[in-house]
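Accompanying notes for the structure given below.
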4 protein chains.
Amino acid sequence: MDKKTAIKARRAHIINAALACFLEKGYNQTGIRDIARRAEISLGNLYNHFPSKKAVLIEIASMEEEEVEELITLLADYRNPERTLRRFLKVFTKACEDPDYVMLFFEIIGEAIRDKEISDLFIASHEKLVDALAGLLFAGQKAGTFHEQTDPREVAEIILDSLEGYGARAVLGMKTPRSGSKVLHDFLLKSILM
Amino acid sequence: MDKKTAIKARRAHIINAALACFLEKGYNQTGIRDIARRAEISLGNLYNHFPSKKAVLIEIASMEEEEVEELITLLADYRNPERTLRRFLKVFTKACEDPDYVMLFFEIIGEAIRDKEISDLFIASHEKLVDALAGLLFAGQKAGTFHEQTDPREVAEIILDSLEGYGARAVLGMKTPRSGSKVLHDFLLKSILM
Amino acid sequence: MDKKTAIKARRAHIINAALACFLEKGYNQTGIRDIARRAEISLGNLYNHFPSKKAVLIEIASMEEEEVEELITLLADYRNPERTLRRFLKVFTKACEDPDYVMLFFEIIGEAIRDKEISDLFIASHEKLVDALAGLLFAGQKAGTFHEQTDPREVAEIILDSLEGYGARAVLGMKTPRSGSKVLHDFLLKSILM
Amino acid sequence: MDKKTAIKARRAHIINAALACFLEKGYNQTGIRDIARRAEISLGNLYNHFPSKKAVLIEIASMEEEEVEELITLLADYRNPERTLRRFLKVFTKACEDPDYVMLFFEIIGEAIRDKEISDLFIASHEKLVDALAGLLFAGQKAGTFHEQTDPREVAEIILDSLEGYGARAVLGMKTPRSGSKVLHDFLLKSILM
DNA sequence: AATGAATGAGCCTTCATTCAT
DNA sequence: AATGAATGAAGGCTCATTCAT
């Protein structure tokens, strides 16, 4: 049992090292050796824990799902839809503004375009988030605090796209309104709230 | 003059070959040799036209600006803001649904994250488009056919983000509403039109 | 005693797994891990039974001696030299036509060229077989059913070489006479029998 | 034209280096780097001349065909079949006794077992030699100096097998008759000549 | 402008073997 | 006897780029 724990820790340790490398230099520019070196592990041993470089990326991509899980929990609170929505906007915007998150997002999506295994992972967690957000929108409509929408999922997509876009632009160094995300939030809320 | 034209044609020829490669295998997976082979040009000669692999990508990225130029022209028609907006939504959505466009977008942005030269290019053309769209929104407000918006640029960003996101999802194979882009357009229009 | 038997069984089990691997992928292409996996044994434990990959090959090479032993027993029947010779031709040809035998032969000889330990083993069993066959030839001469030969050992070598060559060609996919080994046997017998 | 010659020389130079390596350490034990170093060429440049390690081996294997060509020329002299046969035995035996030839033979055949491309080459040159030798045997029969044989090709195979076997044994260090190849030649001739 | 030979660092991965448990 | 994590050298091969012609 103790041994199993130690091995899991090793895996986590490697993943952390890999993540640091990917963020620093990008997935393609990171060599397996960089990861091994950073993890202070021998090259060969790395392959005892992960069968390939891609496997490491996949593990990292799956980890994102856990973060999504937290957001989903947040969105599941239907008692006061408006409050929950506002809270979600704040939390998700903050996540999206994190340069690490943005970079990782693009690293992963860059691979996902040509790799079904990765894109499936990516899609799955995105869908979960859309469903949860759409669920809240629907609850808000039922409660009469949100506008009636033809398709809550589509609105959810728009919300996510614009928040993610906002974050990406911030990281890419595009001019962003001085007012920060307030204008964006206001616009979205105005379109949703009664 | 004739000579200059010939050289420009060569460059264009190389760019086309490179573009095909990038779309087919991705920027990182494409070797300079692949490009030369596809352009039916010698490796050494390629370097007579472009100093590096990155230079080729940059040229391609700049070409996107031309496409943006067309959109901007379209957006400059303020006579009937609503009609222009509807037309823009249609045209831009179609562009965003093109798998080639999406792939290229991600290839370029993937490099842009860590390369200021590329990201500047990227930002510049994006800003132009945002400005043009914001201009139309402002004109619409003036004309009284669009809602008053605190910040037209922000709304413009949202429109672009959601359309680009819509296209990306289509290419990545995510479930997309059977109704196509109609729901999305309707939502956006509803939030904008008086 | 029981324990010793168990260990021998393990060794035999490993040897079988290794043999299967060597036949399937070749000695050089087979990794120690492949053997361990096939034997359903751990990598480390394999080293408790064999000190190296070469040791496994050597054990397999030695096993061939046992097969030779059977042939030698067969050849020891001097009562009717012609009948024994005919029987030997039949049995040995069959063995030589076995793709597994041919492949193993070449795998082993391929290593033997540069490894005295292996070539000694190889030579030893070959010499035994030559001696036994030469013994039969000599007995046949004495009995007056075989031609007088200057050097029975040399004739024995020719017989073995041509039979092994015949088998090898069959496995390598060379055109082989439709008549099978009959023509070969007839030629050899004609040169030997009175 | 001059350039073409230079490149051919490079290729030949690399082949020689590779051959030396293969003979010294064996095909599998030789690294591409060993070849490059021996040829005093950079690793990458080697790949400008040969697409893979196997391609180098194949080129070497094809070179053997040239040696076979000489033997075939020799065998084509039907004026005095017995004299030609005796000459062939002498020349071919000498070739087969060359340690380099034997080693190369086994290196190549070792790869040929699992590689059709190589085995095809191997088979082709072998068949040519068999045909040529069978042709001589047939001519000898016609001329009345050789025994009638059911199948000259089969006899040719036996001759080649026993000569190659003789050479291989010599190189592998097996006891060989003090009389050298004379006994072998005598036996073969006795079975063939009238 | 055009060629493709030349460079050598770098790529991901596999290897036989050892060792602590 | 049994496990599989750990080692790091070596495997074949590709890379963007330079250079002599």
Side-chain angles (χ1 to χ4, degrees), chain A residues 2-4 6-7 9-11 14 28-37 39-56, chain B residues 3 6-7 10-11 28-37 39-56, chain C residues 3 6-7 10-11 28-37 39-56, chain D residues 2-4 6-7 9-11 14 28-37 39-56:
Chain A
D2 196 30
K3 208 172 181 179
K4 257 190 178 171
I7 288 170
R10 263 271 188 274
R11 278 180 69 93
I14 293 169
N28 279 291
Q29 286 8 281
T30 297
I32 282 270
R33 283 172 166 79
D34 296 320
I35 301 172
R37 201 175 304 126
E40 289 176 305
I41 227 180
S42 80
L43 183 54
N45 195 19
L46 196 155
Y47 278 89
N48 279 327
H49 296 279
F50 295 92
S52 70
K53 187 182 170 186
K54 206 183 92 178
V56 176
Chain B
K3 207 171 178 181
I7 290 174
R10 257 280 189 269
R11 279 179 69 94
N28 279 289
Q29 285 16 280
T30 296
I32 283 263
R33 296 175 121 86
D34 296 321
I35 300 172
R37 203 176 304 127
E40 289 175 306
I41 226 179
S42 82
L43 191 51
N45 195 18
L46 195 154
Y47 274 89
N48 281 326
H49 295 279
F50 294 93
S52 71
K53 186 180 168 186
K54 207 182 91 178
V56 177
Chain C
K3 208 171 178 180
I7 290 174
R10 256 282 187 268
R11 279 179 69 96
N28 278 290
Q29 283 19 279
T30 296
I32 282 264
R33 295 174 121 88
D34 296 320
I35 300 172
R37 201 176 306 127
E40 289 175 307
I41 226 179
S42 81
L43 190 53
N45 195 18
L46 195 154
Y47 275 89
N48 281 327
H49 295 279
F50 294 94
S52 71
K53 187 180 167 185
K54 207 181 92 178
V56 177
Chain D
D2 197 28
K3 207 171 179 179
K4 256 190 177 170
I7 288 170
R10 262 270 187 276
R11 278 181 69 93
I14 293 169
N28 279 291
Q29 286 9 281
T30 297
I32 282 270
R33 284 169 167 81
D34 296 321
I35 300 172
R37 200 176 305 127
E40 287 176 307
I41 227 179
S42 81
L43 182 54
N45 195 20
L46 196 153
Y47 278 89
N48 279 326
H49 295 279
F50 295 93
S52 70
K53 186 182 171 187
K54 205 183 92 179
V56 177

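Predicted model, so just to flag it, every value in this text is computed and none were measured.
Partners of D/D34 under the side-chain contact (heavy atoms from CB on, under 4.5 Å) rule, at least two apart in sequence or in another chain, are D/C21, D/K25, D/T30, D/R37. With sequence neighbours excluded, no residue forms a side chain to side chain donor-acceptor pair (under 3.5 Å) with A/R33.
In this entry the distance linking CZ of D/F50 with C1' of E/dA5 reads 14 Å, nearest Å. In this structure, the CD1 atom of D/I35 is 11 Å from the P atom of F/dG11, given to the nearest Å. The nearest whole Å value for the distance from the CG atom in C/L46 to the C1' atom in F/dG4 is 13 Å. Spacing between atom CZ of C/R11 and atom P of F/dA1 amounts to 11 Å, rounded to whole angstrom units. The distance from atom CD1 of A/I41 to atom P of F/dA5 is 11 Å, rounded to the nearest whole Å. Rounded to whole Å, atom C1' of F/dA5 lies 7 Å from atom CD1 of A/I7.
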Report all side-chain donor-acceptor pairs from residues 41-48 of chain C shorter than 3.5 Å, counting only partners two or more places apart or in another chain.
| unit_1 | atom_1 | unit_2 | atom_2 | d |
| --- | --- | --- | --- | --- |
| C/S42 | OG | C/N45 | N | 3.1 |
| C/N45 | OD1 | C/N48 | ND2 | 3.2 |

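Looking only at side-chain heavy atoms (C-beta outward), A/I7 and A/H49 come within less than 4.5 Å of each other. Contact annotation: the side chain of D/Q29 approaches that of C/N28 to within less than 4.5 Å [non-hydrogen atoms, C-beta and beyond].
Each of F/dA6, F/dA1, E/dA6 was ranked by its minimum atom distance to the side chain of A/N48; first place goes to F/dA6.
Remark: DNA chain E takes part in the stems E:2-21 with F:2-21, each of 3 or more antiparallel Watson-Crick or G-U pairs, criterion distances under 3.5 Å.
For D/H49, no side-chain nitrogen or oxygen approaches OP1 or OP2 of E/dG4 to under 4.0 Å.
For residues 46-56 of chain A, the set of pairs meeting the salt bridge (charged side-chain N to carboxylate O under 4.0 Å, His left out) definition, not counting sequence neighbours, comprises A/K54-A/D115, A/K54-A/E117.
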Open item on the list: I need a per-nucleotide contact map over nucleotides 12-21 of chain E, read 5' to 3'. Cutoff is protein heavy atoms under 4.0 Å; write B for the base, S for backbone only, - otherwise.
Closed with: BBB-BBB---
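The one candidate from D/I14, D/I35, D/I32 that meets the side-chain contact (heavy atoms from CB on, under 4.5 Å) condition with D/F50 is D/I14.
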